[in-house]
Amino acid sequence: MNLLPDVEGWLTEAQAARLDRCARAVPDGGRIVEIGSFRGRSTIVLARAAAAGAEVVAIDPHLGSDRGPQEIAARPELGEQDTQIFRANLERHGVLDRVRHVRMLSSEAPLEDAIDMLYVDGAHRFGPARDDLVRWGARVRDGGTMLVHDSFSSIGVTLALLASVTFSRRWRYAGRDGSLAEYVADGGGPSSAMRQLAQLPWFAYNVVLKVLTVLRIRRGPWPY
Ligand SMILES: C[S@@+](CC[C@H](N)C(=O)[O-])C[C@H]1O[C@@H](n2cnc3c(N)ncnc32)[C@H](O)[C@@H]1O
């Protein structure tokens, strides 16, 4: 079954399958929080997989800032378009009522309690990415999951992971599909850290691809 909705965004079929599997594991009455929804590609995957009684919270200020590859500065007119298209996409896929959109920066949004599944795909710069991993990650209940997009592909996200997750005693690395890494809050340790450090050659490869793309030596998809 094709899990990917026909919505613009950055998520592969394999990544959608991982999000789908993790969202299905969230119990009825549980809570899924997404940081960075863009036009709803991943939000729709999460909302379709969530149990009827699970809450799905989508945090995205839609300011047109930190929007996608090389789109850091705010462009409010694009952000406004994103929020309208986001809503229309959710409606078209029958999940508008299933999602609570918090139109705020994750750093300003009220922290949700007892998160069962956290999906981090907001601002990819080091500071905000680390803030999401630390502040929002702390709200994931023991045994819950945290998924991080652009891990081992974006410099900011990868450094944020190295600074706050890779060597933590809480987060166990549970593998990745492309740049989508999965962590379980049931105890990190040396083997979890080693398995993450083993991804660094792939990270270096992605950085080279990005540099070649920026220099226009390479054409092709931005790696994620
Ligand atoms: C890479 S896109 C998300 C892609 C989306 N998950 C998908 O599947 O297509 C990043 C999104 O993060 C949002 N964003 C940027 N800064 C943010 C912040 N501080 N808090 C929450 N969301 C943020 C942007 O508005 C943008 O829509």
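Counting convention: from 1, in listed order, for ligands and their atoms alike. These values consider heavy atoms only, across backbone and side chains, with no hydrogens, waters or symmetry-generated copies.
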Could you tell me the residue and atom name of the protein heavy atom closest to [atom], and the distance to it rounded to 0.1 Å?
atom: atom 10 (C) of ligand 1; value: D121 O, 3.3 Å
atom: atom 23 (C) of ligand 1; value: P61 CD, 3.5 Å
atom: atom 17 (C) of ligand 1; value: A123 N, 3.8 Å
atom: atom 19 (N) of ligand 1; value: L105 CD2, 3.3 Å
atom: atom 25 (O) of ligand 1; value: D60 OD1, 2.7 Å
atom: atom 8 (O) of ligand 1; value: S42 OG, 2.9 Å
atom: atom 20 (N) of ligand 1; value: S106 N, 2.9 Å

Heavy-atom contacts under 4.0 Å between [X] and ligand 1: side chain, backbone, both, or neither?
X: S107; answer: neither
X: D66; answer: both
X: S37; answer: backbone

Atoms in ligand 1 with a heavy atom of [X] nearer than 4.0 Å:
X: G9; result: 9 (O)
X: S65; result: 15 (C), 24 (C), 25 (O)
X: I59; result: 21 (C), 22 (N)

Is any side-chain heavy atom of [Y] closer than 4.5 Å to one of [X]?
X: W10; Y: D121; answer: no
X: N206; Y: Y224; answer: no
X: Y119; Y: L180; answer: yes
X: P5; Y: R48; answer: yes
X: S154; Y: H149; answer: no
X: D142; Y: R170; answer: yes

Non-hydrogen atom of I35 closer than 4.0 Å to ligand 1: yes
OG1-CZ distance between T83 and R103, expressed to the nearest 0.5 angstrom: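 Rounded to the nearest 0.5 Å, the OG1-CZ separation comes to 4.0 Å.
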F38-ligand 1 polar pair, N/O distance under 3.5 Å: yes
G36 N/O under 3.5 Å from ligand 1 N/O: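 N/O-N/O distance below 3.5 Å exists for this pair.
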Single-linkage hydrophobic cluster V157~F167, side-chain heavy atoms < 4.5 angstrom: yes
Audit row: D132, H124, side-chain hydrogen bond (donor to acceptor under 3.5 Å, both in side chains) steps and yes/no: CA-CA 10 Å; D132 287 343; H124 289 17; over 6 Å; no
Pick from H124, R67, Q15: the one approaching atom 2 (S) of ligand 1 most closely through a non-hydrogen atom: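 Result: the heavy atom closest to atom 2 (S) of ligand 1 is in R67.
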Over all atoms of both residues, closest heavy-atom pair of I44 and N89: CD1-O, 3.8 Å
